[in-house]
Peer 1: 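The structure that follows is given in the form of structure tokens.
Note that ligands are numbered from 1 as they come in the structure, with each ligand's atoms numbered from 1 the same way.
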Amino acid sequence: MASSIILIAEDEFTARSALCGLLESEGYQVLTAEEGEGALRLALERRPDVMLLDVRMPRLDGLSVLKRLRDAGSDTSTVVMTAYGTSATAIEAMKAGAFDYLTKPVDADQLLRVIQRTLALRALRGQVGRLREQSHAPLVGESPSMQQVYKLIGQYALSDATVLIRGESGTGKELVVNAIHEHSARSRAPLVKINCASIPESLLESELFGHEKGAFTNALNQRIGRFEEADGGSLFLDEIGDLRPALQAKLLRALQERTIERLGSNKPIHVDIRLMAATARDLEKEVAEGRFREDLYYRLNVLAIGLPPLRERKADIPALVEHFLRRASRPLSIAPAALEVLCSYDWPGNVRELENVVERGIVLAHGGIIGVEQIQFGAAPAAGRASWVNLVPAGEKLETAVEALERAMIERALRESGGNKTKAADLLGIHRRLLYEKLRRYGFQE
Ligand SMILES: Nc1ncnc2c1ncn2[C@@H]1O[C@H](COP(=O)(O)OP(=O)(O)OP(=O)(O)O)[C@@H](O)[C@H]1O
Ligand SMILES: [Mg+2]
């Protein structure tokens, strides 16, 4: 958790510098604000994990910042700092949704303990949320093409044959994989997922097939691969079109023989798996141009599901928007004009982009309603081309500042591409693999 982001909102220079120095020396990424409005803006834009919030500040006092953040549905955990003897303020702060409070002058050890506890509880809450989401994330949409998808999911769940799921980025391929597994006879066994594009090439082979101790320089211990982990259940290979030729050959053999060998061993191990694979690429073209093995293509394409892009089933947009609104922590609705804007857009990033735009609307909503002004596609107007300069507080270490800039640029590229990582990497001018590495390093959700 050392790379967690902490925002310090404190108007007094000496106190702010001291806190900043202390937290940076502990390895946290620190942002600073010296008045309330700036703190609110930074908290919304950069979504820090924790905010240390002084109560008495110019322009907007701490309690108002706290209330505005809560209304915006912010996920930042706030620790309020109050002057000694103002227990009434502490109580008010807790009522307004503060996570904890500290009395000033702040004791360094106590501060670090409170921050660690806050981060630990956040991590736990995140895990619970993700588990809940995974177990029943329904597919939404009743358009004829989606009805066809549901029918195929039902049929394919009864079978044990390999399924190839096609569709542009963000169309819901992973949800389809989850649904097929959950409705299949293997639902009590694990569904193991691996993304062939996001794992560095050098690691993918041992990730898939495992290795024996000493198989290569860094193989200090024996390791079970994903194939073995999925034994009895399903294995999902995402972005299969990105698999390099040597591994394509190995995968083909594993599928034909239903056995694998760990790296550094030639003992065949039988695996009983149901394979599903997904790709946003044009596999036929990859085959025609010699980048994807034709024999593997036929092995994978036994059963196929194609997910239609969202622009071809705009009738599903209102139901999807409703669905995303219901997940918010407070009751919200959308103005008819705003919904119309959503329905007339083409959604290059498909459902994922719609989800992002609605979530942004939820944060910006006024009085429980998302209006046209709260619909923002692509880059947020608040984050203009050069505004990141203002986000880097004076006194930052170069490395921290560079990371902050990198993060901000990656976030924007993802927004502009509607979450499509291939497009985002193009926008940034870097290879997709490098983007994935950075996403992992900065703890973005993949
Ligand atoms: N029909 C749907 N109903 C509800 N949510 C959906 C639907 N389709 C997609 N989503 C949501 O959109 C996001 C993207 O979906 P998913 O990850 O399954 O897409 P994908 O096709 O695998 O994209 P990629 O190719 O980029 O990996 C997820 O958050 C998912 O929950
Ligand atoms: Mg996916």
Peer 1: Considering only heavy atoms, which of Gly170, Ala197, Gly141 lies nearest to atom 23 (O) of ligand 1?
Peer 2: Gly170

Peer 1: Answer with yes or no whether Gly167 contacts ligand 1, where contact means a heavy atom under 4.0 Å from a ligand atom.
Peer 2: no

Peer 1: Counting only heavy atoms, which portion of Ala278 has something under 4.0 Å from ligand 1: side chain, backbone, both, or neither?
Peer 2: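 None of Ala278 does.
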
Peer 1: Please work out whether any backbone atom (N, CA, C, O) or any side-chain heavy atom from C-beta onward of Ser169 is under 4.0 Å from ligand 1, and answer side chain, backbone, both or neither.
Peer 2: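 It is both backbone and side chain that touch ligand 1.
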
Peer 1: Taking atom 27 (O) of ligand 1 as the point of reference, which of Glu359, Arg352, Glu174 owns the nearest heavy atom?
Peer 2: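 Result: the heavy atom closest to atom 27 (O) of ligand 1 is in Arg352.
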
Peer 1: Classify the contact between Leu320 and ligand 1 as side chain, backbone, both or neither, using a heavy-atom distance cut-off of under 4.0 Å.
Peer 2: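 Under 4.0 Å from ligand 1, Leu320 contributes side-chain atoms alone.
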
Peer 1: Going by the order shown, which atoms of ligand 1 are within less than 4.0 Å of some heavy atom of Pro138?
Peer 2: 3 (N), 4 (C)

Peer 1: Looking only at N/O atoms, are His323 and ligand 1 under 3.5 Å apart anywhere?
Peer 2: no

Peer 1: Could you tell me the residue and atom name of the protein heavy atom closest to atom 20 (P) of ligand 1, and the distance to it rounded to 0.1 Å?
Peer 2: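 Of every protein heavy atom, Lys173 N, 3.5 Å lies nearest to atom 20 (P) of ligand 1.
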
Peer 1: Distance from Lys314 atom NZ to Leu342 atom CG, nearest 0.5 Å?
Peer 2: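 Here the rounded value is 10.5 Å.
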
Peer 1: How far is atom 6 (C) of ligand 1 from its nearest protein heavy atom, and which residue and atom name does that atom have?
Peer 2: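 Heavy-atom neighbour on the protein nearest atom 6 (C) of ligand 1: Leu175 CD1, 3.3 Å.
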
Peer 1: Indicate whether any N or O donor in one side chain lies under 3.5 Å from an N or O acceptor in the other, for Arg313 and Ser145.
Peer 2: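 Result is no, nothing qualifies.
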
Peer 1: Identify which one of Arg352, Arg281, Arg311 satisfies the salt bridge (Lys or Arg N to Asp or Glu O under 4.0 Å) criterion when paired with Glu168.
Peer 2: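 That would be Arg311.
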
Peer 1: Could you tell me which residues satisfy salt bridge (Lys or Arg N to Asp or Glu O under 4.0 Å) with Lys250, sequence neighbours excluded, listed by chain and number?
Peer 2: Glu205

Peer 1: Tell me every residue that passes side chain to side chain donor-acceptor pair (under 3.5 Å) with Arg226, counting only those two or more places apart in sequence or in another chain.
Peer 2: Glu207

Peer 1: Please determine if Gly172 has a nitrogen or oxygen closer than 3.5 Å to a nitrogen or oxygen of ligand 1.
Peer 2: yes

Peer 1: Does any donor atom in the side chain of Ser143 or Asp316 lie under 3.5 Å from an acceptor atom in the other side chain?
Peer 2: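 Their side chains do contain a donor-acceptor pair, which is all the 3.5 Å distance test asks for.
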
Peer 1: Nearest to atom 10 (N) of ligand 1, what protein heavy atom do you find, and at what distance?
Peer 2: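 Checking every protein heavy atom, the shortest distance to atom 10 (N) of ligand 1 gives Val351 CG1, 3.3 Å.
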
Peer 1: For Thr259 and His270, does a side-chain donor sit closer than 3.5 Å to a side-chain acceptor?
Peer 2: no

Peer 1: Asn178 and Lys173: side-chain donor and acceptor closer than 3.5 Å?
Peer 2: no

Peer 1: Please state which part of Glu355 comes within less than 4.0 Å of ligand 1, counting heavy atoms only: side chain, backbone, both or neither.
Peer 2: side chain

Peer 1: What I want to check is whether the side chains of Gln248 and Arg293 have a donor and an acceptor closer together than 3.5 Å.
Peer 2: no

Peer 1: Using distance alone, determine whether Val140 and ligand 1 share an N or O pair under 3.5 Å.
Peer 2: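 Yes, Val140 has an N/O under 3.5 Å of an N/O on ligand 1.
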
Peer 1: Between Glu353 and Tyr345, does the side-chain hydrogen bond (donor to acceptor under 3.5 Å, both in side chains) criterion hold? Intermediate values first, please.
Peer 2: CA-CA 11 Å; Glu353 185 180 11; Tyr345 181 66; 2.9 Å; yes

Peer 1: Evaluate Arg313 for polar contact with ligand 1, using N/O atom pairs at a separation under 3.5 Å.
Peer 2: no

